[in-house]
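Worth saying up front: this structure is predicted, and the values here are computed from it rather than measured. Just follow the structure's listing: the first ligand is 1, and inside any ligand the first atom is 1. All values below were derived from every heavy atom in this structure, side-chain atoms included, with hydrogens, water molecules and symmetry-related copies excluded.
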Amino acid sequence: MTGSAAAAMLAASSSESPPPVSRYFVKSFGCQMNVYDSERMGDVLAADGHAPADSAADADIVVLNTCHIREKAAEKLYSDIGRLRKPRADGSRPVIVAAGCVAQAEGAEIGRRAPAVDVIVGPLAYHRLPALLRAAQGARAMDTDMPASPKFDHLPARRHQGASAFLTVQEGCDKFCTFCVVPYTRGGEASRPAAALIAEAEALVAAGAVEITLIGQNVNAYAGGMSLAQLIERLAALPGLHRIRYTTSHPRDMGDDLIAAHAAIPKLMPYLHLPVQSGSSRILKAMNRAHTRQSYLATLDRLRAVRADIALSGDFIVGFPGETEADFADTLSIVAEVGYAQAYSFKYSRRPGTPADTMADQVPEAVKEERLARLQAAITAGALAFNLASVGRRTQILLERPGRKPGQLIGKTPWLQSAVVEVPGARIGDLITVDIVAGHENSVEAVPVSPVQERAAA
Ligand code: 5AD
Ligand code: SF4
């Protein structure tokens with residue numbers, strides 16, 4: 001059912017029975033940016049009179065917010081569409097919206113391959129969802145424009161509830177790494193004006209957020225009238241906001257002022273996600289990364305000089321075209337040298353339209369698999385070492401969700417470790433002081449320093 005259909009039903013309903021409301025569900029397939037967009041699409045639909053559903057199965061509108069970064073994303077989309085288009089027990093099926101980066105890159109093909117899709121909308125046009133849903137009655141509606149007037153000018157106010165919130169400050173990418181589709185799907189770098197971001201952050205804090213993560217494809221290239229470091233400084237002045245993070249950064253844009261901010265701003269958490277992709281300068285050149293192994297390591301030295309305890313995270317690609325065993329050995333050695341707290345690793349995935357797709361010396365799948373397994377073992381060993389080294393630290397954790405066992409809660413340390421703790425009476429959103437007492441591959445165990453609660457936002 002579309003917004004206008006819902007409105008028509010609302011108008012027709014009698015006072016005895018509650019009015020039927022069209023319910024939406026947004027499924028995220030991608031990065032934090034994709035998660036932010038999903039939340040904002042929910043805001044757009046709510047502002048148009050729809051209500052959230054708990055699952056796709058009981059929604060009237062299902063939005064599939066796709067990711068295009070590696071292959072298989074499109075296949076996931078088509079299998080979801082296949083499930084959704086089957087009539088339910090009452091004969092109905094939901095309105096199906098294909099959104100996100102696959103919709104942007106392959107909108108026309110989705111239209112051909114999946115006639116059940118009612119709306120196709122790209123990541124830069126979803127403020128137009130209500131109009132598209134109305135237009136979709138009887139015909140497919142599609143909008144994969146990259147408008148000059150940014151969607152943010154048209155989005156309704158945030159409705160986010162919760163201790164930790166994402167805030168998109170920048171979108172798009174001008175770097176053109178030879179493996180990556182993002183410059184094509186998300187367009188060039190565009191920053192939101194600082195004043196709008198400060199207002200959105202104030203609203204988030206007023207609604208209970210104690211942590212804000214500033215997100216963007218190239219967040220440290222932020223240029224919305226001030227630098228990212230200056231924006232962080234402004235946000236740090238907000239009372240009630242206790243923690244600031246940012247992701248994802250490019251090594252090339254790690255400016256002196258951002259590094260200095262890690263020393264000067266206590267609310268800026270000591271954690272940096274700084275993808276390197278490969279430890280081999282030869283491969284980095286073929287990737288068009290505009291940094292070398294040495295310049296990347298020098299950037300980390302500058303950071304550690306001002307913030308010795310900073311935890312590092314990275315992204316890696318194995319099996320980029322032409323990657324030899326010696327190049328891969330350089331990747332393993334940079335993992336050991338940096339001592340990442342955590343890292344994400346991927347097999348190189350050919351993306352049509354990107355320069356690397358047509359490079360010679362594509363690496364066989366079996367070699368990629370084998371290198372990925374070795375790299376992941378090294379990353380896991382590094383994460384365990386990092387977590388073990390933090391045993392004995394006294395620190396604060398922000399409680400984010402219930403743990404697996406009754407009474408357990410999971411909070412995040414400043415270094416983004418998941419800390420499992422039991423604190424009777426504590427609530428999600430509390431910041432509590434703990435001692436870290438044990439370390440595992442994916443988490444640490446902590447005990448509260450005192451049973452007394454410190455209400456974070458109070
Ligand atoms: N193949 C594999 N991994 C990729 N990434 C981006 N493009 C590709 C690709 N074609 C990875 C990079 C990036 C992360 C978000 O996804 O490591 O940092
Ligand atoms: Fe995926 Fe990139 Fe789109 Fe995020 S921006 S959803 S990682 S393709």
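- Centroid-to-centroid, the aromatic rings of Phe166 and His160 stay 6.0 Å apart or farther.
- At a 4.0 Å heavy-atom cut-off, ligand 1 does not touch Arg350 at all.
- Using a 4.5 Å heavy-atom threshold, the side chains of Arg85 and Pro115 count as separate.
- Residue contact check: Lys347 has heavy atoms under 4.0 Å from atoms 1 (N), 2 (C) of ligand 1.
- Counting the atoms of ligand 1 from 1 in the order shown, those under 4.0 Å from a heavy atom of Arg70 are 1 (N), 2 (C), 3 (N), 4 (C), 5 (N), 11 (C), 16 (O).
- The side-chain tip of Arg113 points at the ring of Tyr78 from less than 6.0 angstrom away and within 45° of straight on.
- Checked by atom type, the side-chain pair Ser390/Gln417 shows a donor-acceptor distance below 3.5 Å.
- Side-chain contact, Ser345 with Gln376: a donor N or O sits under 3.5 Å from an acceptor N or O.
- The closest non-hydrogen atom to atom 13 (C) of ligand 1, taken over Val182, Val276, Asp315, Ile317, comes from Asp315.
- Looking at Phe179 against ligand 1, both its backbone and its side chain come within 4.0 Å, counting heavy atoms.
- Annotation for ligand 1: atoms under 4.0 Å from non-hydrogen atoms of Gln277 are 12 (C), 13 (C), 17 (O), 18 (O).
- Other residues, nucleotides and ligands contribute at most 12 non-hydrogen atoms within 6.0 Å of the CZ atom of Arg234.
- In the vicinity of Arg351, heavy-atom distances shorter than 4.0 Å reach the ligand 1 atoms 10 (N).
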